[in-house]
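A quick write-up on the structure given underneath.
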Amino acid sequence: MLRRLWYLPEPIEPVRVHGTGAPLGTEPFTVLSWNIQFGAGRNRCFFYDGGPDARATPAEVHQALAGIGDLIAREKPDLVLLQEVDRRSARTGRVDQIQTLRQRVGL
């Protein structure tokens with residue numbers, strides 16, 4: 001089910017393609033694009049929202065990544081585009097989010 005958040009594309013969107021390579025064809029495919037905001041969850045008020053927090057605990061990060069991974073696995077998109085994914089960053093408890101999500105989703 002597609003839910004409108006900010007932009008809902010038309011069923012067919014014209015795209016100008018430059019370069020070489022074979023076209024994908026006309027089979028439909030699904031794309032999931034998500035800014036996970038460094039996987040820190042929603043239990044804190046972070047500085048960029050005017051709050052005092054700058055870091056999340058590893059437990060909070062793992063809990064958020066579990067939900068993110070479960071949604072990806074449930075939706076089964078053909079292509080996943082994630083933004084703000086941390087790898088061993090201090091702000092997210094040194095959790096390798098790529099590896100954690102790969103294991104959770106089975107990639």
Side-chain angles (χ1 to χ4, degrees):
M1 182 173 126
L2 184 62
R3 293 170 295 278
R4 184 176 184 156
L5 297 176
W6 294 281
Y7 171 70
L8 182 63
E10 296 299 322
I12 297 177
E13 289 280 335
V15 177
R16 186 175 283 175
V17 178
H18 302 281
T20 61
L24 291 174
T26 58
E27 291 297 316
F29 61 94
T30 58
V31 177
L32 186 149
S33 179
W34 190 354
N35 183 329
I36 66 169
Q37 294 187 328
F38 60 94
R42 297 181 181 180
N43 296 327
R44 294 181 177 269
C45 186
F46 289 98
F47 68 92
Y48 53 79
D49 288 327
D53 297 320
R55 297 176 184 222
T57 67
E60 290 170 317
V61 173
H62 283 292
Q63 180 181 8
L65 294 177
I68 292 165
D70 289 349
L71 184 138
I72 293 169
R74 184 175 61 247
E75 296 297 321
K76 297 181 178 88
D78 297 305
L79 178 63
V80 178
L81 306 170
L82 299 177
Q83 299 84 44
E84 291 194 54
V85 180
D86 281 1
R87 296 196 85 178
R88 298 176 291 278
S89 173
R91 70 178 178 173
T92 50
R94 305 277 180 214
V95 174
D96 184 342
Q97 296 180 1
I98 292 174
Q99 186 61 25
T100 302
L101 285 170
R102 288 180 74 189
Q103 290 172 346
R104 185 80 183 193
V105 178
L107 299 174

(request) Scan residues 32-42 for pairs that pass salt bridge (charged side-chain N to carboxylate O under 4.0 Å, His left out), counting only residues two or more places apart or in two chains. (result)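 Passing the test, one end in residues 32-42: no pairs.
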Residue list, side-chain contact (heavy atoms from CB on, under 4.5 Å) with [X], at least two apart or on another chain:
X: Q37; answer: N35, Y48
X: R44; answer: F46, D53, T57, E60
X: Q103; answer: Q99
X: E13; answer: Y7, P9, E10

(message) Return the CG to OG1 distance between D86 and T92, rounded to the nearest 0.5 Å.
(response)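 Here the interatomic distance stands at 3.5 Å.
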(message) Nearest 0.5 Å, please: how far is CH2 in W34 from CD1 in I72?
(response)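 Between I72 CD1 and W34 CH2, I get 6.5 Å after rounding to 0.5 Å.
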Which residues pass the side chain to side chain donor-acceptor pair (under 3.5 Å) test with [X], not counting sequence neighbours?
X: R94; result: none
X: R102; result: none
X: R55; result: none
X: D70; result: R104

For residues [X] and [Y], determine if any side-chain heavy atom of one lies less than 4.5 Å from a side-chain heavy atom of the other.
X: L71; Y: L32; value: yes
X: E75; Y: T30; value: no
X: L101; Y: L82; value: yes
X: I36; Y: Q97; value: yes

(request) Could you work out the complete set of other residues in the hydrophobic cluster of I12, with links drawn between I, L, V, M, F, W and Y side chains under 4.5 Å apart? (result)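 None; I12 is a cluster of one.
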(request) Consider only side-chain heavy atoms of I, L, V, M, F, W and Y, link residues closer than 4.5 Å, and tell whether V85 and L65 are in one cluster. (result)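 Per the 4.5 Å side-chain linkage, V85 and L65 are co-clustered.
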(request) Could you tell me which non-hydrogen atom of A40 sits nearest to which non-hydrogen atom of A64, and how far apart they are? (result)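 That closest heavy-atom pairing would be C-CB, 4.3 Å.
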